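The structure appears right after this line, and notes come after that.
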Amino acid sequence: MLQLLFQVVDVSWRYSCKHTELLTRRTQLGEGLLRQTINKLNSERKHFLPQERKQELLERYIVELVEFISPKTPNPGELGGRISGSVLWKVTRGETGAHAQNCGFSFLTTEKEKTAKLFHLKYSAAENNYIRVSNDNEIIHNWEKGVWKMNSVFRKVEQDWKMVYIARTEGAASARVSWKFECGSVGLKIVNVSIRSTSQTFQSGNIQWHLHSNLTNVDLSGDQNIHSFANFNGSTELILEAEMSGGDGDVAWQHTQLFRQSLDDHEYPMEIIITLKDIKIKDEYQ
């Protein structure tokens with residue numbers, strides 16, 4: 001099973017050319033019940049997505065279905081695992097154990113933040129660290145350490161131009177990265193969210209910013225300003241996600257850049273400020 005941000009996919013068929021034989025080994029759960037469970041999970045995850053995003057996921061699912069029900073005959077040398085590609089390329093695509101260690105991080109509210117009813121985080125690509133202002137200016141070194149999910153993304157340093165940014169890995173047609181905040185487990189819910197998510201595109205490059213919660217979602221512009229949103233009031237978790245695609249030629253991957261700044265810049269191109277309040281018992285039953 002492959003668990004994505006808004007989708008669960010049964011990918012077993014992609015890694016086997018002998019589908020009939022594979023079915024004989026899948027005995028712990030009936031195929032019908034498995035499909036029903038996956039469909040239910042996907043329906044719940046996509047409920048708050050805009051129609052355009054739902055259609056995109058549907059079209060991708062149809063393409064994958066066609067691929068799964070049309071097993072191919074492997075050519076010589078295709079039955080082994082991947083051995084080509086640089087270590088960095090494998091890491092950013094999740095093909096080594098190192099990738100898993102850098103993902104799945106969620107910012108959970110600390111006792112200090114619970115008392116102050118405030119979460120405040122900043123990130124500097126130049127210094128490559130997060131400052132958790134609301135937790136005594138705690139420093140988290142390395143941008144990957146604060147990431148929830150990522151695919152085909154790395155931190156690019158241009159020594160000649162003295163610039164730095166988060167970009168797609170070279171050759172990747174698309175990429176995504178997200179950060180997650182959660183406060184429900186400590187009895188808090190969101191009142192207001194303020195976000196700065198700076199990005200820059202060149203040529204035909206495209207970056208889409210999404211801000212999701214368990215209750216609602218909005219798209220962000222990716223400019224240098226802080227934008228506030230009151231419609232996340234009542235949410236208990238928040239996910240900030242950037243999707244990168246497009247660009248021209250062999251350097252298309254460089255045409256979508258997150259948090260671009262000079263190496264000697266002391267600004268913070270990413271900033272998240274969340275005000276919080278207690279969850280009252282009666283709120284749970286409304």
Side-chain angles (χ1 to χ4, degrees), residues 2-9 41-42 44-61 92-94 99-100 102-108 119 121-123 125 130 140 143-155 165-169 172-183 190 193-201 205-229 231-232 235-247 253 256-260 268-274:
L2 174 65
Q3 180 173 317
L4 302 173
L5 188 60
F6 298 111
Q7 197 172 24
V8 177
V9 183
L41 288 171
N42 286 337
E44 292 173 351
R45 289 172 178 232
K46 294 184 287 188
H47 179 68
F48 296 104
L49 292 178
Q51 188 58 42
E52 181 178 339
R53 180 69 170 133
K54 290 181 181 178
Q55 183 64 30
E56 178 186 337
L57 291 174
L58 176 60
E59 291 174 358
R60 182 187 304 173
Y61 177 61
T92 54
R93 290 180 61 86
H99 175 81
N102 292 330
C103 287
F105 180 84
S106 178
F107 288 95
L108 303 177
F119 173 80
L121 181 76
K122 302 189 296 184
Y123 171 72
Y130 300 89
I140 303 174
W143 75 278
E144 295 180 355
K145 298 299 183 182
V147 167
W148 169 241
K149 299 290 182 183
M150 72 173 184
N151 180 38
S152 302
V153 182
F154 81 117
R155 177 175 173 265
Y165 48 88
I166 304 301
R168 288 142 54 187
T169 53
S174 62
R176 64 178 57 197
V177 58
S178 60
W179 297 263
K180 183 178 181 180
F181 165 81
E182 195 271 325
C183 61
I190 294 171
V193 179
S194 297
I195 296 281
R196 186 201 315 276
S197 53
T198 308
S199 57
Q200 195 167 352
T201 59
N206 179 54
I207 297 177
Q208 295 182 355
W209 285 97
H210 310 289
L211 190 60
H212 311 278
S213 79
N214 52 313
L215 298 180
T216 188
N217 67 87
V218 297
D219 292 335
L220 307 177
S221 63
D223 59 22
Q224 297 182 356
N225 300 318
I226 289 184
H227 298 274
S228 296
F229 304 93
N231 49 329
F232 287 92
S235 300
T236 55
E237 66 176 38
L238 194 71
I239 295 176
L240 174 64
E241 180 187 39
E243 295 183 82
M244 296 176 278
S245 61
W253 60 276
T256 51
Q257 303 178 8
L258 308 182
F259 317 139
R260 177 184 173 89
Y268 292 87
M270 172 184 171
E271 189 166 7
I272 303 174
I273 303 172
I274 304 174

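Since the structure is predicted, the reported quantities are computational estimates derived from the model, not experimental observations. Both backbone and side-chain heavy atoms feed into the values below; hydrogens, waters and symmetry mates do not.
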Using the side chain to side chain donor-acceptor pair (under 3.5 Å) criterion, which residues pair with Ser235? Sequence neighbours excluded. Ser213
Can you name the nearest heavy-atom pair linking Asn151 to Ala175, along with the distance? O-CB, 3.2 Å
Could I get the full list of side chain to side chain donor-acceptor pair (under 3.5 Å) partners for Ser199, not counting sequence neighbours? Trp209
Rounded at 0.5 Å granularity, tell me how far CD1 in Ile274 sits from SG in Cys183. 7.5 Å
List for me each residue that meets side chain to side chain donor-acceptor pair (under 3.5 Å) alongside Ser194, sequence neighbours excluded, and say none if there are none. Ser228
May I ask you to test the Trp143-Tyr130 pair for a side-chain heavy-atom distance under 4.5 Å? yes
Is there side-chain contact between Val153 and Met244, with at least one heavy-atom pair below 4.5 Å? yes
Side chain to side chain contact (heavy atoms under 4.5 Å, CB included) filter on Glu182, not counting sequence neighbours, yields Ser106, Leu108, Ser185, Glu237
May I ask you to test the Thr216-Phe232 pair for a side-chain heavy-atom distance under 4.5 Å? yes
To the nearest 0.5 Å, what is the distance between CG (Leu220) and CZ (Phe229)? 5.0 Å
ring-ring contact (aromatic ring centres under 6.0 Å, His included) filter on Phe181, not counting sequence neighbours, yields Phe119
Test of understanding: with salt bridge (Lys or Arg N to Asp or Glu O under 4.0 Å), list the residues that count as partners of Glu271, not counting sequence neighbours. Arg196
Would you give the length of the straight line joining atom CD1 of Ile166 to atom CZ of Phe154, rounded to the nearest 0.5 angstrom? 9.0 Å
Check step by step if side chain to side chain contact (heavy atoms under 4.5 Å, CB included) holds for Asn206 and Thr201. CA-CA 6 Å; Asn206 179 54; Thr201 59; 5.7 Å; no
Roughly how far apart are Asn225 CG and Ile195 CD1, rounded to 0.5 Å? 13.5 Å
Full working for side chain to side chain contact (heavy atoms under 4.5 Å, CB included) between Leu240 and Met270: CA-CA 11 Å; Leu240 174 64; Met270 172 184 171; 4.2 Å; yes
Rounded distance [0.5 Å steps], OH in Tyr165 versus OG1 in Thr256: 9.0 Å
Results of side chain to side chain contact (heavy atoms under 4.5 Å, CB included) for Asp219 - residues two or more places apart only: His210
For Lys122, which residues count as a salt bridge (Lys or Arg N to Asp or Glu O under 4.0 Å) partner, sequence neighbours excluded? none
Could you tell me the separation between the CD atom of Gln224 and the CD atom of Gln200, rounded to the nearest 0.5 Å? 8.0 Å
Check Thr236 against Asn214 and note the closest heavy-atom contact, atom names and distance. N-OD1, 3.0 Å
For Ser221, enumerate each residue passing the side chain to side chain donor-acceptor pair (under 3.5 Å) test, keeping only those at least two apart in sequence or located in another chain. Asp223
Aromatic ring pairing Phe105/Phe107, orientation class (parallel under 30°, perpendicular over 60°, tilted between): perpendicular
Keeping the roles fixed (side chain from Arg168, backbone from Ser152), state whether a donor-acceptor pair exists under 3.5 Å. no
